[in-house]
Protein chains: 4
Amino acid sequence: MSQDESPSARLRGRPPSPEARNKALRTARDILLNEGFGRLTIEAVAARSGVSKPTIYRNWANAVELAMAALMADPATPSGKAGENVAGSLGSQMRALVTAFATTRGRQIALALASSDPESEMTKAFRNRVILSSRETGRRLVGEAVARGEIAAPADIETLLDMIYAPVFYRLLVGHLPLDLPFADSLVTRALALLSQSDGL
Amino acid sequence: MSQDESPSARLRGRPPSPEARNKALRTARDILLNEGFGRLTIEAVAARSGVSKPTIYRNWANAVELAMAALMADPATPSGKAGENVAGSLGSQMRALVTAFATTRGRQIALALASSDPESEMTKAFRNRVILSSRETGRRLVGEAVARGEIAAPADIETLLDMIYAPVFYRLLVGHLPLDLPFADSLVTRALALLSQSDGL
Amino acid sequence: MSQDESPSARLRGRPPSPEARNKALRTARDILLNEGFGRLTIEAVAARSGVSKPTIYRNWANAVELAMAALMADPATPSGKAGENVAGSLGSQMRALVTAFATTRGRQIALALASSDPESEMTKAFRNRVILSSRETGRRLVGEAVARGEIAAPADIETLLDMIYAPVFYRLLVGHLPLDLPFADSLVTRALALLSQSDGL
Amino acid sequence: MSQDESPSARLRGRPPSPEARNKALRTARDILLNEGFGRLTIEAVAARSGVSKPTIYRNWANAVELAMAALMADPATPSGKAGENVAGSLGSQMRALVTAFATTRGRQIALALASSDPESEMTKAFRNRVILSSRETGRRLVGEAVARGEIAAPADIETLLDMIYAPVFYRLLVGHLPLDLPFADSLVTRALALLSQSDGL
DNA sequence: ATATAAACGAGACGGTACGTCCCGTCTTTCG
DNA sequence: CGAAAGACGGGACGTACCGTCTCGTTTATAT
C-alpha cells in the first residue's frame with residue numbers, strides 16, 4: 001500500500017538540477033541582504049545567477065516565494081539550547097533571537113512575510129520555520145520547566161507565548177524603539193514574572 | 001521674516017483643489033478594502049477617480065504613501081475611553097482594538113507599514129497615528145491608574161506596553177492563531193497580572 | 001562499398017518508428033488547417049501528438065520544414081489530366097488549381113513558402129512538388145499541343161508559364177481580388193490567346 | 001457643421017513625438033535590410049533606436065506592422081513615368097520594378113505581406129501602397145494608351161494586369177528563375193501582344 | 001477688465017519588470 | 001540504443017505601472 005509510493009516513483013525525463021536551484025537561491029539571498037527586498041526581482045536573479053527565468057518560475061511562483069525560500073535556506077535562526085532552568089534558557093534564546101533579528105536580514109524576513117499571500121503553502125512553511133520556530137522553542141522550554149517542577153503549567157500558554165515573542169517582531173517592524181539586548185533582558189524578566197505567576201490562575 | 005509671508009501669503013494662481021485630493025483618497029480606500037494592497041496602483045486610482053496621475057503625484061510621493069494617507073483618513077481607529085479602573089478601560093480598549101484590526105483593513109494597515117520606507121515622514125505619521133496610537137492610549141490609561149493609586153508605577157513601561165499591544169499586531173500579520181475577543185480578554189488578564197506585579201521591581 | 005552496408009544493413013538498436021513520424025505529420029496538418037501557420041509550433045505538435053520534441057527534431061529541422069512536409073504529404077494538388085486539346089486540358093487544370101488553392105490550405109502553402117529558408121533542401125522539394133508542379137504540368141500540356149501541331153512552339157516558354165500560373169499565387173497571397181472560377185476561365189482565355197500568337201515571334 | 005471638425009480638433013495632452021516614431025521606423029528599416037525579416041523584433045528595435053517598447057507598441061500592433069510601415073516609408077517604389085506610347089512607358093516601368101524588387105528589400109516586402117494578418121488595416125494600406133501600386137500604374141498606362149487610340153480597351157483588364165505584374169512577385173518569392181532585365185523585357189513583349197489583341201473580344 | 005500664474009485633465013514618453021511562450025539542446029529512464 | 005519525458009539556457013513576446021514630461025484648459029489672485 002504505502003511502501004510502493006516512494007521507491008518506485010521512477011521519474012521519467014531529465015531530473016531537475018539542484019545546481020540551478022541552489023544558484024538561484026544563493027543569488028536571491030545575496031540580493032536580499034545587500035540590496036533589500038525591493039530589489040529582489042526575478043529578472044535580476046536570472047541575470048546574475050545564470051539561471052533562466054523559466055527555470056526560476058518552474059521552482060517558485062513569484063519573487064516573494066523565492067525570497068522566502070532563500071531566507072529559509074539561510075541557517076541563521078537561533079534554535080535555543082536547553083539550559084538548567086527557564087530563566088537561563090529563555091534568556092539565552094531571547095538574546096540570540098534579538099541579535100539575529102536586529103539585522104538587515106531580520107527586516108527582510110518581516111517584509112517577505114508581510115508581502116506574501118497568506119494562503120500559499122510556501123508562506124505557511126515560512127511562518128512555521130522562520131517566524132514561529134522560536135515561539136515553538138519557547139513552548140518547549142516552558143514545558144520542560146513545568147516537567148522539572150520549576151513552575152506550574154500556565155493556563156493560557158498561547159497568549160503567553162505571543163506576549164513573549166511578539167514584541168521582538170513588533171519592534172523590528174514598527175521601529176519605534178530599539179531592538180537590543182537590554183530590551184531582550186527586560187522582556188525575559190517580565191516573561192518570567194508571568195510564568196511564575198501563572199499557576200492555577 | 002518679512003510681513004508678507006504668513007498672513008498675506010496669498011498664492012497667485014489656481015489653488016489646489018481639495019476635491020481632487022478627496023476623490024483620490026476615497027478611490028484609494030475603496031481599492032485597498034476591496035482588492036487589496038497589491039492592486040492599489042497610481043494608475044488605477046487615476047483611472048477610477050478621474051484625478052490625473054500628475055495631480056496624485058503632487059500630493060503623495062508614491063502608492064504606499066497614498067495608501068497610508070487613505071488608511072489614516074479612515075475614521076476607524078479606536079481611541080480608548082477613560083473607564084473607572086484599569087481593568088475596565090484596558091479591557092474595552094483591547095476589545096475595540098481587536099475588532100478594528102480583525103478586518104481587511106487591518107491587514108492592509110500591516111502591509112502598508114511593512115512596505116513603507118521607514119524613514120519617510122508619512123511613515124512616521126502613520127506609525128504614530130495608526131499603529132502606536134493605541135499603545136499611547138495604553139500608556140495614558142496606566143498613568144491614570146497609577147495616579148489613582150490603583151497600581152504602582154511599573155519600572156519598564158516600554159517593554160510592558162510592547163507586551164500588551166504587540167500580540168495584536170503579531171496575530172494579525174503572522175496569522176497563526178485567530179485575532180478574536182477571547183484573545184483580547186486573555187491578553188488583558190495577563191496584562192493586569194503584569195501591572196499589579198510591577199511594583200518597584 | 002563493403003558487403004555489410006546495403007544487403008544485410010542490420011541496424012543496431014531500436015529502429016526509427018514510422019508511427020512517430022506519421023503522428024507528428026498528422027498533428028501538424030491538423031494544426032495547420034484548423035489554427036493556421038502561426039500556431040504550428042514544435043512544442044504544440046509534441047504536446048498533441050505524443051511524439052517527443054527530440055524525435056521531431058530528428059526528422060525535421062524546424063517548424064517550417066515540418067509544415068512543408070505536412071503539406072506535401074497532403075494529397076490535394078491537382079495533377080492535370082490529358083485532354084484532347086490545349087483549351088480543354090488547360091481549362092480543367094486551371095479550374096482544379098483555383099479550387100485547390102482557394103482554401104485555408106492554399107494560404108498555409110503560401111505562408112510556408114514565404115517563411116522558409118530559400119536554400120533548404122526541403123524548401124526546394126516543396127517548391128517543386130507543390131508550387132511548381134502545376135506549372136510543370138502546364139509545360140507538358142503545351143508540349144503535347146505543339147507535338148499535335150495544334151500550336152507553334154512558343155519562343156519564351158518560361159515567361160509564358162509564369163504569366164499563366166503566377167496570377168493564381170498572386171491573388172492568393174495579395175488578396176486584392178477573388179480567386180474563383182470566373183477568374184480561372186478568364187486566365188485560360190488569355191493564356192490561349194498568347195499561345196496561339198506565339199509562333200516564330 | 002462640417003468645417004469645425006478638422007481645425008478645432010484640439011488635442012489634449014502631450015502630443016505623440018514624431019521623433020520617436022521616426023527613430024523606430026529608421027531602425028526597423030535598417031534591421032530589415034541588413035539582417036532580414038526574421039531578426040526584426042520589437043526588442044531589437046527598442047534597444048537600438050532608444051525608443052521604448054511601450055511606445056513602439058503604441059504606434060504599431062506588432063513586428064509585422066512595424067515592418068510594413070518601415071517598408072512603406074521607404075521611398076523606393078517606382079512610380080512609372082508617362083511615355084509617348086505603351087511599349088515605352090510599360091517597358092521602363094517594368095525594368096524599374098524588376099530592379100527594385102530584385103534586392104533584399106524585395107524579399108522583405110514579400111515576407112512582410114505573407115506574414116501579415118490579411119484583415120488588418122495596415123496590411124490593406126501596405127498592399128495598396130507597395131504591392132499593388134505598380135499594378136495601378138499599369139492600369140493608368142493602359143488607360144492612357146486607349147485614350148490615345150493606340151490600343152482598344154481590353155475586356156478583362158483585371159486578369160490582364162495580374163498576368164503582367166504577378167510574374168514579378170512570383171519569381172521573387174518562388175525563386176525558380178532569375179528576376180532580371182531580360183525577364184522584364186520578355187514580360188513586356190508578351191504583355192503588349194495581349195494588349196494589341198484584346199480588342200472587342 | 002485683464003494679465004499672470006498655479007493647478008488641473010489628458011496622455012505620450014523612457015524605463016523596469018512582469019509572467020509566458022517557444023526555441024533547440026541536453027540528460028535521464030524505459031522498451 | 002532509439003524513443004519518450006522533461007528540465008535547461010536563451011530570447012522575445014506583449015502588458016502593467018512607474019514616475020516624468022508636455023500640452024491645452026480652468027480658476028483664481030493681482031494689477
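Reminder, nothing fancy here: chain letters follow the sequence lines and each chain counts from 1.
A pairwise comparison of heavy atoms in C:Leu173 and D:Leu113 identifies O-CD2, 4.0 Å as the closest pair.
Look at CG on B:Asn59: it is 14 Å from C1' on E:dA6, rounded to the nearest Å. Separating the CG atom of B:Leu66 from the P atom of F:dC18 is a distance of 10 Å, rounded to the nearest angstrom. For the pair B:Asn62 CG and F:dC18 C1', the interatomic distance rounds to 11 Å; values are reported in whole Å. Between the CD1 atom of D:Ile31 and the C1' atom of F:dA12 there is a distance of 13 Å, rounded to whole Å. Between the CD atom of B:Glu19 and the C1' atom of E:dG9 there is a distance of 14 Å, given to the nearest Å. If you take CD1 of C:Ile56 and C1' of E:dC23, they are 13 Å apart, rounded to a whole angstrom. Rounded to whole Å, the distance from NZ on D:Lys23 to P on E:dC13 is 11 Å. In this structure, the CD atom of C:Glu65 is 15 Å from the C1' atom of E:dC23, given to the nearest Å.
Between A:Glu35 and A:Arg48 there is a salt bridge, with a side-chain nitrogen of the basic residue lying less than 4.0 Å from a carboxylate oxygen of the acidic one.
In this structure D:Asn59 satisfies the side chain to side chain donor-acceptor pair (under 3.5 Å) test together with D:Arg21, sequence neighbours excluded. Evaluation of the side chain to side chain donor-acceptor pair (under 3.5 Å) rule for C:Arg107 yields no partner, not counting sequence neighbours. In this structure B:Glu121 satisfies the salt bridge (Lys or Arg N to Asp or Glu O under 4.0 Å) test together with B:Lys124, sequence neighbours excluded. Residues that satisfy the side chain to side chain donor-acceptor pair (under 3.5 Å) test with B:Thr55, not counting sequence neighbours, are B:Ser52, B:Arg58. Looking at residues two or more places apart in sequence or on another chain, you find a side chain to side chain contact (heavy atoms under 4.5 Å, CB included) between B:Ala44 and B:Ile31, B:Thr41. Evaluation of the side chain to side chain donor-acceptor pair (under 3.5 Å) rule for A:Lys53 yields A:Glu43 as partners, not counting sequence neighbours. Checked against salt bridge (Lys or Arg N to Asp or Glu O under 4.0 Å), C:Arg26 has no partners two or more places apart in sequence or in another chain.
In the region residues 112-122 of chain B, proximity to DNA chain F at under 4.0 angstrom, judged on heavy atoms, holds for none of the residues.
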Give me the distances for all protein-to-nucleotides 2-5 of chain E N/O pairs that come in under 3.5 Å?
residue : atom : partner : partner atom : Å
E:dT4   : O3'  : B:Arg12 : NH2          : 3.1

Could you pull out the protein-nucleic contacts involving nucleotides 15-17 of chain E (nitrogen or oxygen on both sides, under 3.5 Å)?
none

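Annotation: of the two residues near DNA chain E, C:Ala63 and D:Thr55, the 5′-most nearest-nucleotide partner is D:Thr55. Between B:Leu40 and B:Pro15, the residue whose closest nucleotide on DNA chain F is further toward the 5' end is B:Leu40.
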Distance-only donor-acceptor hits, side chain of residues 60-72 of chain C, under 3.5 Å, sequence neighbours excluded:
residue : atom : partner  : partner atom : Å
C:Asn62 : OD1  : C:Val64  : N            : 3.2
C:Asn62 : OD1  : C:Glu65  : N            : 3.0
C:Glu65 : OE2  : C:Ser120 : OG           : 2.6

- Hey, mind stepping through B:Leu32 and B:Arg105 against side-chain contact (heavy atoms from CB on, under 4.5 Å) and telling me if it holds? CA-CA 8 Å; B:Leu32 223 38; B:Arg105 186 173 164 276; over 6 Å; no

